[in-house]
Protein chains: 2
Amino acid sequence: MQSRSTARKEASQALVVLEDFLPYRLNVLASLTSNALARIYAERFGLTIPGWRVIATLGQYDVRTARDIAAHGVMHKSTISRAVSSLEQQGLIVRHPNQDDRREELLALTPEGRGIYEALAPEALAFEERLVSILTRAEQDMLAGIVAKLSGHARSLAAEERKEA
Amino acid sequence: MQSRSTARKEASQALVVLEDFLPYRLNVLASLTSNALARIYAERFGLTIPGWRVIATLGQYDVRTARDIAAHGVMHKSTISRAVSSLEQQGLIVRHPNQDDRREELLALTPEGRGIYEALAPEALAFEERLVSILTRAEQDMLAGIVAKLSGHARSLAAEERKEA
DNA sequence: GCCAGTCCGTTGCGGCTGCAACGCATCCGC
DNA sequence: GCGGATGCGTTGCAGCCGCAACGGACTGGC
C-alpha cells in the first residue's frame, strides 16, 4: 500500500494511518456492503446473511451437505447448522439423510425456497451492479482479479500461522 | 463484475454464482485478513479488534473523543464505550472530561498504551506488507484507489437507503 | 431564565457467533 | 469383525454486538 499521506498527522508519531491500512479499509468496505445487503435480505425476505448464503449455495448447486456449504464459504459448521434448522422451519429447504452415509444430510431447496432464491438473486445482482457502477469496466475486472489473488494469499498466510501455533 | 464462469454450474439455474459475487468475496477476504490480524492482537497483546482500533486512532491523533473514534470507523458508540472502559482498566488509556463540554470525554494513550501502539504498529504494517506482496506495485496502487472509490460509493448508497426507509 | 430538543456516553437486553464437547456413524488396521 | 480414530452435525456456553432507552449536559427559541 502506497500513499500513506492522505491524512493529516496531528500526533507526534503516527506509525499507522488507519485510513490507509488495507485490512482496516477492507473491513469497512465489507461491512458497508454487507449491511446494505443484509437490509434487503431481512426486510423483504426475512433472511439472515447465513440464511441467504445457504439458499444461494443450494440455488447454485441443487443439493449439498452442510459441510460443503461451510467449506465453500468462511462459515462455521455451527452457523450453518442453525441457519439450516431455521430455514427448514420456514419451509424453504428440506433435508434427508444420505442413505450411503448416514452421518451427513443432503439439503435442497423447496419450491418456496427456490421462489425466494429466484426473487432475491436479481436484487442481489442489481445491488452489486449499482455498487460497481462507479468503476470503469477495466477497474471492475482488475478488482476481481486482485481480490481473487489476495484471498488465495490470505488463505495460505492463515494456514501458515495455524501451523506455527 | 465480469467473468461469471469460473464455477461449474451443476444446478438447473444458477442465477448468482456466489464465488463471483463481489459483496460475498469482499466479506470473505475481509474476514480472512481480520481473523489473522485479530490473532496477533489477541495472542501477543491481549487486545480485541475494537481495542486495537481505539489505540490506533489515539496513536495517530493523540487526543480524541469516543464519538470521533466511532465516526472515524464503522463502529457503534456502544462498542467504543466498552472497548474504552476495558482499555482504561488495563491502564492503556486515560480519559478526562472536557471542561468546555462535560458531556464528552477526551481520550489519550498512557505511556503503556503508547508502548503497545509502538510495538503493534510495525507488526500490523508487516502483516499488510506480507498480504499485498503478491500484488505488483501497480496493482497495489490500483487497489487502494478502487477500494476508496467503492467505500465512498457504498457509503452514499447506504445513506440513500436509510433516507428511503 | 426556562423548557423542549438534541447530543454524549452508558447499559440492559436479545440475538448471533465461535468454541468445545458430544452423539452418532463410518472407516481402517489388526 | 472389533476397537480406536476420524468425520458429520448439534448444542450448551460464554463473549460480543447492535439496538434502544436512559441519565446527565448543552442549546436555542420564547
Side-chain angles (χ1 to χ4, degrees), chain A residues 27-28 30-32 34-39 41-43 46-54 57-58 63-89 93-107 158 162 165, chain B residues 27-28 30-32 34-36 38-39 41-43 46-54 57-58 63-89 93-108 158 162 165:
Chain A
N27 261 299
V28 170
S31 23
L32 282 172
S34 224
N35 290 344
L37 263 180
R39 193 172 270 252
Y41 302 152
E43 288 180 2
L47 288 182
T48 62
I49 287 186
W52 147 252
R53 287 193 187 170
V54 169
T57 307
L58 291 178
V63 171
R64 296 259 107 173
T65 68
R67 192 190 161 281
D68 292 334
I69 299 177
H72 187 259
V74 185
M75 307 172 68
H76 258 255
K77 56 181 185 173
S78 57
T79 307
I80 306 285
S81 170
R82 288 186 257 249
V84 162
S85 39
S86 157
L87 291 172
E88 191 187 25
Q89 276 194 330
I93 67 177
V94 288
R95 48 177 159 187
H96 40 84
N98 180 356
Q99 291 304 341
D100 295 341
D101 183 344
R102 278 179 314 180
R103 285 176 305 185
E104 57 187 26
E105 294 185 327
L106 300 175
L107 307 173
R162 219 170 292 122
Chain B
N27 261 299
V28 170
S31 22
L32 282 172
S34 224
N35 290 343
R39 193 173 271 252
Y41 303 151
E43 288 180 2
L47 288 181
T48 62
I49 287 186
W52 147 252
R53 288 193 186 169
V54 169
T57 306
L58 292 178
V63 170
R64 296 259 106 173
T65 68
R67 192 189 161 281
D68 292 333
I69 299 178
H72 187 259
V74 185
M75 306 173 68
H76 256 255
K77 55 182 186 173
S78 58
T79 306
I80 306 286
S81 171
R82 288 185 258 249
V84 162
S85 40
S86 158
L87 292 173
E88 190 187 27
Q89 276 195 330
I93 68 177
V94 289
R95 46 177 159 187
H96 40 86
N98 180 356
Q99 292 304 340
D100 294 340
D101 182 345
R102 280 179 313 180
R103 284 174 306 183
E104 57 185 27
E105 293 186 327
L106 300 175
L107 307 173
R162 218 171 292 121

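Here is the naming used below: chain letters follow the sequence lines, and residue numbers restart at 1 for every chain.
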Quiz item: When only distance counts, do a donor and an acceptor, one from the side chain of B:R67 and one from the base of C:dC8, lie under 3.5 Å apart?
Solution: no
Quiz item: When we call it a touch if two heavy atoms are under 4.0 Å apart, what does B:T79 touch: a base, just sugar-phosphate, or nothing?
Solution: sugar-phosphate
Quiz item: To the nearest angstrom, how far is B:L47 atom CG from D:dG15 atom C1'?
Solution: 17 Å
Exercise. For B:D100 and C:dC8, give me the distance from atom CG to atom P, rounded to whole Å.
Key: 15 Å
Quiz item: Does the side chain of B:L58 come within less than 4.5 Å of B:I69's, by heavy atoms?
Solution: yes
Practice problem: Examine C:dT10: is either OP1 or OP2 under 4.0 Å from a nitrogen or oxygen in the side chain of B:S81? Give yes or no. | Solution: yes
Quiz item: Of the nucleotides D:dC17, C:dC19, C:dT11, which one has an atom closest to the side chain of A:H76?
Solution: C:dC19
Quiz item: Counting any heavy atom closer than 4.0 Å, what does B:T65 reach on the DNA or RNA strands: base, sugar-phosphate only, or nothing?
Solution: sugar-phosphate
Quiz item: So, B:T57 side chain and B:R53 main chain: donor-acceptor pair closer than 3.5 Å or not?
Solution: yes
Practice problem: Check the surroundings of atom CZ in B:R95: do more than 12 heavy atoms from other residues, nucleotides or ligands lie under 6.0 Å from it? | Solution: yes
Self-check item: Gap between atoms CZ and P, on A:R102 and C:dG23 respectively (whole Å)
Solution: 18 Å
Quiz item: If you check every side-chain atom of A:S78, which of D:dC8, C:dG18, C:dT17 has the closest atom?
Solution: C:dG18
Quiz item: When the distance from CD1 of B:I69 to C1' of C:dC8 is rounded to whole Å, what number comes out?
Solution: 13 Å
Self-check item: First of B:A66 and B:R82 reached from the 5' end of DNA chain C, by closest nucleotide
Solution: B:A66
Self-check item: A:Q89 CD to D:dT10 P, straight-line distance once rounded to whole Å
Solution: 13 Å
Quiz item: To the side chain of B:R103, which of C:dC19, D:dG18, C:dT6 is closest?
Solution: C:dT6
Quiz prompt | Atom-to-atom span, NZ of B:K77 to C1' of D:dC19 - whole angstrom | solution = 10 Å
Quiz item: Please give, in whole Å, the distance from D:dG9 P to A:N98 CG?
Solution: 10 Å
Practice problem: Calculate, to the nearest 0.5 Å, the distance between atoms CZ and CD belonging to B:R64 and B:E104 respectively. | Solution: 10.5 Å
Quiz item: So, does A:S86 use its side chain to make a donor-acceptor pair with the main chain of A:R82 at under 3.5 Å?
Solution: no
Quiz item: Rounded to whole angstroms, how far apart are CG on B:D101 and C1' on C:dC7?
Solution: 8 Å
Quiz item: Checking only heavy atoms, does the side chain of A:R95 share a donor-acceptor pair with the base of D:dG9 at less than 3.5 Å?
Solution: no
